[in-house]
2 protein chains.
Amino acid sequence: MNYRENRYGSAVMPTRDTRSGPNTGGETRPTLAEVARAAGVSEITASRALRGGVHVARATLERVEAAALALNYVPNRLAGTLAGGQSRQVAVVLPSLSNSVFADVLNGLETQLEQASHHPILGVSNYDPLHEERLVADLLSWRPAGLVIAPASSTEGTRRMLAGAGVPVVEIMDIDPAPIDMAVGLSQHAAGRAMAHYLVGRGYRRVAYVGHDISTDPRALTRKQGLERGLSEAEVTLTATVLLPGPSSVPLGREAVARLLADVPPGGLAVCFSNDDMAVGAMFHAMGVALKVPDDLALAGFNGLAIGQALPLPLTSVESRRVEIGNLAAKALLSRLEGETVARVQDVGFRLIPGATT
Amino acid sequence: MNYRENRYGSAVMPTRDTRSGPNTGGETRPTLAEVARAAGVSEITASRALRGGVHVARATLERVEAAALALNYVPNRLAGTLAGGQSRQVAVVLPSLSNSVFADVLNGLETQLEQASHHPILGVSNYDPLHEERLVADLLSWRPAGLVIAPASSTEGTRRMLAGAGVPVVEIMDIDPAPIDMAVGLSQHAAGRAMAHYLVGRGYRRVAYVGHDISTDPRALTRKQGLERGLSEAEVTLTATVLLPGPSSVPLGREAVARLLADVPPGGLAVCFSNDDMAVGAMFHAMGVALKVPDDLALAGFNGLAIGQALPLPLTSVESRRVEIGNLAAKALLSRLEGETVARVQDVGFRLIPGATT
DNA sequence: ACAAATAATGACAGCGCTGTCAAAGACGTT
DNA sequence: AACGTCTTTGACAGCGCTGTCATTATTTGT
């Protein structure tokens with residue numbers, strides 16, 4: 001069933017058009033000079049007054065503020081930054097937004113940045129290294145105060161740009177590779193390995209891996225390697241691997257596990273997923289075909305998403321502190337801008353969540 | 001179980017510190033003037049060459065490009081914009097990022113903007129009107145080429161700023177209120193009403209509403225009003241309403257429905273949720289207490305999220321075209337910047353998904 | 001071959017703001 | 001009363017780039 005405005009009616013005409021809407025007009029915004037004139041002071045005094053009022057007499061300050069208010073003055077930060085101020089914009093490059101993981105990170109970043117009146121300029125690379133490179137170049141041309149990036153297997157060119165950016169750079173999510181400048185995250189390898197140890201400890205000897213297209217997601221790949229490493233330490237090897245193209249999602253997990261089970265018999269099988277949403281999809285599939293979890297099929301996710309924990313059977317997973325990564329990355333950046341000393345690598349750690357699905 | 005880097009080891013020392021990292025150095029970036037000098041042309045010719053090369057001889061163009069490459073030149077768009085160019089930054093104000101709905105919208109926005117080499121500067125209001133007002137002022141001070149906002153019951157001040165911004169403004173998600181400039185979205189009221197009609201058509205006469213804190217979310221409120229309106233047209237009134245503080249989420253829905261059922265007996269009861277994730281939580285609760293859906297308890301969500309459709313029983317919901325809203329909003333903005341005529345209100349419509357939960 | 005058009009280049013000023021340095025006034029001290 | 005100190009204000013230049021207009025080289029038409 002499809003509905004449009006005109007079927008279900010409302011107070012608004014759907015398709016009027018506008019060329020000279022209210023916001024196409026050419027009225028020019030007031031400048032600092034006009035505020036200064038209105039307040040009867042010099043431009044620079046007005047500037048100082050509006051920036052916290054250091055070295056400005058109380059009376060003057062009030063006069064300038066009143067003038068600014070009356071004229072509806074909005075400072076032009078382009079000019080301000082160009083003239084010598086700190087930028088107060090932070091470039092943020094993420095590989096994806098369809099995974100709630102990065103929405104969480106962005107959320108954490110934005111929250112902290114905003115407290116310092118900074119704002120993220122966003123770029124999404126879709127896990128494409130060349131795209132990422134172009135993005136970094138583009139964003140850097142705005143001369144941001146710093147840059148935060150969750151790298152998508154970056155090119156040499158990207159790394160060179162970041163190293164020469166002249167501003168603080170925070171690489172987030174994984175702390176295994178040596179950072180260009182700073183890194184905030186967790187050891188993805190260790191997380192994968194921890195899961196392996198846990199599963200082995202629970203007695204599983206048949207373990208399969210199911211993931212979205214891992215070739216472009218370096219962190220998912222590292223986790224898988226950690227998993228295999230951990231398994232190999234108990235002389236277990238992966239029984240099977242299923243990789244499906246496209247970003248991780250509930251339906252994808254559902255489909256992937258169906259394919260897996262076409263080849264591999266359940267019964268004491270544990271399946272590790274690249275992300276919790278995939279695992280939830282698998283759980284739904286199991287419900288659909290009346291497979292008992294965990295007896296017939298054990299499931300383990302990654303990221304500790306809310307949805308996994310809200311399942312009737314809480315999902316075994318590894319909690320990654322995504323919002324905290326965003327928070328810490330922003331704080332690290334801001335601290336460096338204040339000239340403070342900041343740890344080069346910050347490990348937020350992770351937590352293995354022993355759910356009821358294993 | 002908690003793991004840190006040092007427990008599970010890796011190649012990186014956790015806490016080295018850095019003050020004069022690679023990116024604190026004071027090396028100054030090359031300017032256009034230096035590129036011009038290196039290429040043996042005037043500044044303005046270099047400028048033209050690097051911007052598409054109109055009115056520049058082929059040979060000159062190549063020389064300038066080579067020089068720029070050699071010097072690792074990154075243009076300074078602050079200066080460029082200040083000197084008269086279009087900004088190529090678009091302010092984006094969203095009420096939340098913890099709801100995947102806005103991550104989707106942002107995704108759509110970013111995709112389209114990027115195709116035109118534009119970038120979003122992001123602000124998140126957390127549904128706080130005063131916060132939103134400050135954000136709009138802050139973002140406008142970057143002189144963006146335009147602004148996209150999913151309003152959080154905006155203040156008069158916010159509306160004034162938007163109306164006087166001097167750039168295109170797109171209000172997204174709801175098209176019921178009269179737009180300041182342009183609007184892209186759907187009629188939230190009609191969506192709620194459509195759901196009411198559907199439920200009535202399915203024979204339900206006892207309908208409850210379960211939502212997150214709706215007082216700050218104007219669109220959820222409008223949907224609820226639409227629902228009530230639609231029900232009233234069949235002389236049905238809401239049996240009960242449960243509102244829980246905090247953003248919508250799976251666990252919250254689970255808890256909310258538990259509370260509802262403490263007061264209201266199931267059996268032919270249909271529950272409408274403010275969002276699909278809430279409804280999924282309710283579904284999980286029902287599984288936990290062995291309530292049969294839809295016989296004992298019918299569930300209807302909103303937004304048509306992937307998770308709802310991946311449930312063993314697909315969730316009845318209303319599909320909102322979030323990514324498309326983002327896409328269209330960006331396109332509308334960009335078209336206006338090209339001087340084209342754009343529909344003042346664009347209705348992306350919605351689709352009622354008749355699932356198996358009703 | 002010469003005027004007229006076109007293509008290619010450059011000089012200049014200025015976008016709106018802030019850092020630096022200098023000056024002027026207010027105040028207290030000996 | 002002369003001096004130093006602190007507070008408050010301003011003049012000036014310049015951040016790096018682009019729009020405008022002017023100038024010079026190159027082509028075309030007849």
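Since the model is a prediction, treat every value here as computed from it, not as a measurement. Letters A, B, ... are given to chains in the order of the sequence lines, protein chains preceding strands, and every chain is numbered from 1.
For residues 36-48 of chain A, there are no salt bridge (Lys or Arg N to Asp or Glu O under 4.0 Å) pairs, not counting sequence neighbours.
Side-chain N or O atoms of Ser154(B) include none that pairs as donor or acceptor with a backbone N or O of Pro151(B) at under 3.5 Å. Between the Asn99(B) side chain and the Phe102(B) main chain, no donor and acceptor come within less than 3.5 Å of each other. Side chain of Asn126(A) to backbone of Asp128(A): no donor-acceptor contact under 3.5 angstrom is found. Although no hydrogens or angles enter the test, the distance criterion places no donor-acceptor pair under 3.5 Å between the side chain of Arg29(A) and the main chain of Val74(A). Here the side chain of Arg322(A) pairs no donor or acceptor atom with the backbone of Gly108(A) at under 3.5 angstrom.
For DNA chain D, the outermost nucleotides in 5' to 3' order that have an atom under 4.0 Å from a heavy atom of chain A are dT8(D) to dG16(D).
Applying the side chain to side chain contact (heavy atoms under 4.5 Å, CB included) test to Thr155(A) and every residue at least two apart in sequence or in another chain returns Pro129(A), Leu130(A), Glu133(A), Thr158(A). Contacts of Arg63(A) classified as side chain to side chain contact (heavy atoms under 4.5 Å, CB included), with partners at least two apart in sequence or in another chain: Val41(A), Thr60(A). Not counting sequence neighbours, Glu34(A) has no partner by the side chain to side chain donor-acceptor pair (under 3.5 Å) test. In this structure Ser98(B) satisfies the side chain to side chain donor-acceptor pair (under 3.5 Å) test together with Ser96(B), sequence neighbours excluded. With sequence neighbours left out, Asn107(B) forms a side chain to side chain donor-acceptor pair (under 3.5 Å) with no residue at all. In this structure, the side chain to side chain contact (heavy atoms under 4.5 Å, CB included) partners of Ala116(A), at least two apart in sequence or on a different chain, are His118(A), Leu334(A).
In this structure, Gly185(A) and Ile325(A) approach most closely via the heavy-atom pair CA-CD1, 3.9 Å. Of all the heavy atoms in Arg344(B) and Ile180(B), the pair that sits closest is NH2-O, 3.8 Å.
Using a 4.0 Å cutoff on non-hydrogen atoms, the parts of residues 73-82 of chain A near DNA chain C are Tyr73(A), Pro75(A), Asn76(A), Ala79(A), Gly80(A), ordered by number. Only Thr60(A), listed by number, bring a heavy atom of residues 58-67 of chain A to less than 4.0 angstrom from any atom of DNA chain D. Using a 4.0 Å cutoff on non-hydrogen atoms, the parts of residues 39-52 of chain B near DNA chain C are Val41(B), Ser42(B), Ile44(B), Thr45(B), Arg48(B), ordered by number.
Five base pairs at each end of the helix from dA1(C)-dT30(D) to dT30(C)-dA1(D) define two local axes, and these are offset by 30° (rounded to 10°).
Note on Asp181(A) versus Arg336(A): salt bridge recorded, some NZ/NE/NH1/NH2 to OD/OE distance being below 4.0 Å.
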